[in-house]
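Next up is a structure, given as structure tokens.
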Protein chains: 2
Amino acid sequence: MHSFTEENYLKTIYYLATRQQGEVTTNALAEMTATKAASVTDMLRKLADKQLIHYRKYQGVRLTSEGERLALKIIRRHRLWEVFLVDKLGFGWDEVHDMAEELEHIRSDELVERLDKFLEHPQFDPHGDPIPTTAGAMPQTGYRKLSEVAAGESVCVMGVLEHSPEFLQHLNRTGLTLGCSITLREINAFDKSLLVQIQPESTLFVSHDVARNLLVEGE
Amino acid sequence: MHSFTEENYLKTIYYLATRQQGEVTTNALAEMTATKAASVTDMLRKLADKQLIHYRKYQGVRLTSEGERLALKIIRRHRLWEVFLVDKLGFGWDEVHDMAEELEHIRSDELVERLDKFLEHPQFDPHGDPIPTTAGAMPQTGYRKLSEVAAGESVCVMGVLEHSPEFLQHLNRTGLTLGCSITLREINAFDKSLLVQIQPESTLFVSHDVARNLLVEGE
DNA sequence: TCTAAAATTTAGACTTGCCTAAATTTTTTG
DNA sequence: CAAAAAATTTAGGCAAGTCTAAATTTTAGA
Ligand SMILES: [Mn+2]
Ligand SMILES: [Mn+2]
Ligand SMILES: [Mn+2]
Ligand SMILES: [Mn+2]
């Protein structure tokens, strides 16, 4: 069995590995887990002993296939619980992360599979993130960042890259929630801010900081 | 904030205090928590420091009102999660205890209140145990043990005192599940076993060991 | 390429929760 | 009521996960 802490490290390594190439560094892990580099080194030695990561001193780490399998299992749990909290209990998408962070560690495969069935096998969590399959596959989405869309294109908001309550609440206020159809009217060359049409009658300014954290699906 | 371990000790002290009079002893706690007396003593000192129990060396312990409030809060969570697992996910009453044992420690009052609403404010858990109120009151039931019922009486099965999967599965097999109406036909003076009528056409032998763990409600 | 800065690891320590063995207190019993 | 037994606490230690400070390795810059 694995501790909460080990599970959180595996998930964090997976997360960091997907948004960069090469090995995940000690300092990056220390920052994400809000601990110190020395503590990370201790844990890396332990995860390496358990064959969950490939680790060479000073060279960073990479998940083994067993480590990745475990990471995906925790991510599956996390995202299913988030769906439960939003769809069944009525929480907002900005409120569920911390609870799911705890619920993901409840140790029962049967529980997860029954929850999945109860939720009618959702494909995406409330933030648009794909839910890994029982078999441990992470479904790929072809989403682009809104910041990479060309002027004139019409797209649908499908997910977010930033999960902080502050960002999600900002989206709530501006109306840029999942499923929302928008057309990109102008791109401001100076600060890369966007003018998007959100309703036939209403347009909205979107900063580059927001645009590069919004995932959209082409026309 | 309190650790899982502290919460489990408080719940155990509450449990032991309700089924005996006077203070709860170190050895009783060691047995229930499957640890050693020396470990219990360590934890008692810590809980006393936090003013959650009244503790005098060698004299046993008693919950403070704050300790009891916390214990009831954990019990409320435990029982609500059990209702969720049985009513919504379709688990059997013999399968849910260990999962609820973990779920009860998820730290969010809002989550518990929303779960309570989602479950439509249940009064009892799948084992017939009353669910403490948000305010921290434990509803009292007037149930008697089946072993204390007189021959000739008709009663309804309302709860169990023993929660082991083995006992619950035994009840499943014999048909003595919650809500079941039975009439006590005979009491065997030798071994206190019972002959109960469970259907107009069928009767059943019930050992004293089973009867003293079954809670029933008078005619 | 050699050195200074940055990144990482090691050393030594702390807290929590647990253990065994030994000491102490309480309870029981002859 | 004194001795033996039972219950409880104390002493000393261990593993997990964290920290700070110091040492080491890698990287980057002149
Ligand atoms: Mn977590
Ligand atoms: Mn999510
Ligand atoms: Mn528990
Ligand atoms: Mn129960």
Side-chain angles (χ1 to χ4, degrees), chain A residues 1-13 16-17 19-63 67 70-71 74 101-102 104-105 107, chain B residues 1-13 15-17 19-63 67 70-71 74 98 101-102 104-105 107:
Chain A
M1 211 43 38
H2 309 97
S3 67
F4 281 27
T5 310
E6 288 171 331
E7 292 184 347
N8 285 336
Y9 269 91
L10 291 175
K11 220 180 41 160
T12 306
I13 295 168
L16 289 173
R19 34 214 78 198
Q20 46 153 81
Q21 50 168 323
E23 328 292 294
V24 174
T25 67
T26 301
N27 270 358
L29 281 165
E31 185 177 354
M32 277 285 287
T33 57
T35 62
K36 299 305 166 83
S39 310
V40 171
T41 300
D42 286 345
M43 181 58 76
L44 294 183
R45 255 205 29 238
K46 186 168 156 192
L47 293 174
D49 285 349
K50 295 194 175 186
Q51 319 249 51
L52 297 172
I53 58 173
H54 295 292
Y55 173 48
R56 290 192 350 271
K57 282 207 299 191
Y58 295 101
Q59 306 303 312
V61 295
R62 196 159 46 80
L63 292 174
L70 264 168
I74 309 301
E101 202 59 46
E102 297 186 36
E104 70 190 2
H105 303 291
R107 283 170 222 296
Chain B
M1 213 42 41
H2 309 97
S3 69
F4 282 26
T5 310
E6 288 170 333
E7 292 185 347
N8 286 336
Y9 269 90
L10 291 175
K11 221 179 43 160
T12 306
I13 295 168
Y15 176 83
L16 289 172
R19 33 217 77 198
Q20 46 153 81
Q21 50 169 324
E23 326 293 294
V24 174
T25 68
T26 301
N27 270 359
L29 281 165
E31 185 176 355
M32 276 285 287
T33 57
T35 61
K36 300 306 166 83
S39 310
V40 171
T41 301
D42 285 345
M43 181 58 77
L44 294 183
R45 255 204 30 239
K46 185 167 156 193
L47 293 174
D49 285 350
K50 295 193 176 187
Q51 319 250 49
L52 297 172
I53 59 173
H54 295 291
Y55 172 49
R56 288 186 358 267
K57 282 207 299 189
Y58 295 101
Q59 306 303 312
V61 294
R62 195 160 45 79
L63 291 174
L70 263 168
I74 308 301
D98 291 348
E101 202 59 47
E102 297 185 37
E104 70 190 0
H105 303 292
R107 283 168 223 299

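In this text, all values refer to a predicted model and were calculated from it rather than measured experimentally.
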Check the distance between dA15(D)'s P and R45(A)'s CZ and give it to me in whole angstrom.
12 Å
Heavy atoms of I53(A) and L44(A) approach each other most closely as CD1-O, 3.4 Å
Out of dT20(C), dT20(D), dT26(D), which has the shortest distance to the side chain of A38(B)?
dT20(C)
Which is more 5' along DNA chain D, the nucleotide nearest A37(A) or the one nearest T25(B)? Just name the residue.
T25(B)
Report yes if at least one side-chain N or O of S39(A) is closer than 4.0 Å to OP1 or OP2 of dC19(D); otherwise report no.
yes
Is there a side-chain contact between T41(B) and the phosphate of dT10(D), meaning an N or O under 4.0 Å from OP1 or OP2?
no
Interatomic distance, Y58(B) OH vs dA6(D) C1' [rounded to whole Å]
12 Å
Heavy-atom closest pair, residues E101(B) and K11(B)
OE2-NZ, 2.5 Å
Would you say a side-chain N or O of T26(A) is under 4.0 Å from OP1 or OP2 of dT9(C)?
yes
Roughly, in whole Å, what's the span from NZ in K57(B) to P in dA23(C)?
16 Å
Indicate yes or no: does E6(A) engage K50(A) in a salt bridge with an N to O separation below 4.0 Å.
yes
Restricting to non-hydrogen atoms, name the atom on Y55(A) and the atom on A48(A) that form the minimum distance, rounded to 0.1 Å.
CB-CB, 3.9 Å
Specify the separation, in whole Å, of atom NZ of K36(A) and atom C1' of dA13(C).
15 Å
Provide, to the nearest angstrom, the distance between the CG atom belonging to L29(A) and the P atom belonging to dT9(C).
10 Å
Can you tell which of dC19(C), dT8(D), dT18(D) lies closest to the side chain of T35(A)?
dT18(D)
Y55(A) vs dT9(C): side-chain N/O to OP1/OP2 distance below 4.0 Å
yes
Test your reading of the model: is there a side-chain donor-acceptor pair from R107(A) to the backbone of H2(A), 3.5 Å cut-off?
yes
Tell me the interatomic distance from N27(B), atom CG, to dT26(C), atom P, rounded to whole angstroms.
15 Å
Separation of R56(A) atom CZ from dA7(C) atom C1', in whole Å?
15 Å
Between C1' of dC14(C) and CG of D42(A), the distance in whole Å
13 Å
OP1, OP2 of dT16(C) versus side-chain N and O of Y9(B): anything below 4.0 Å?
no
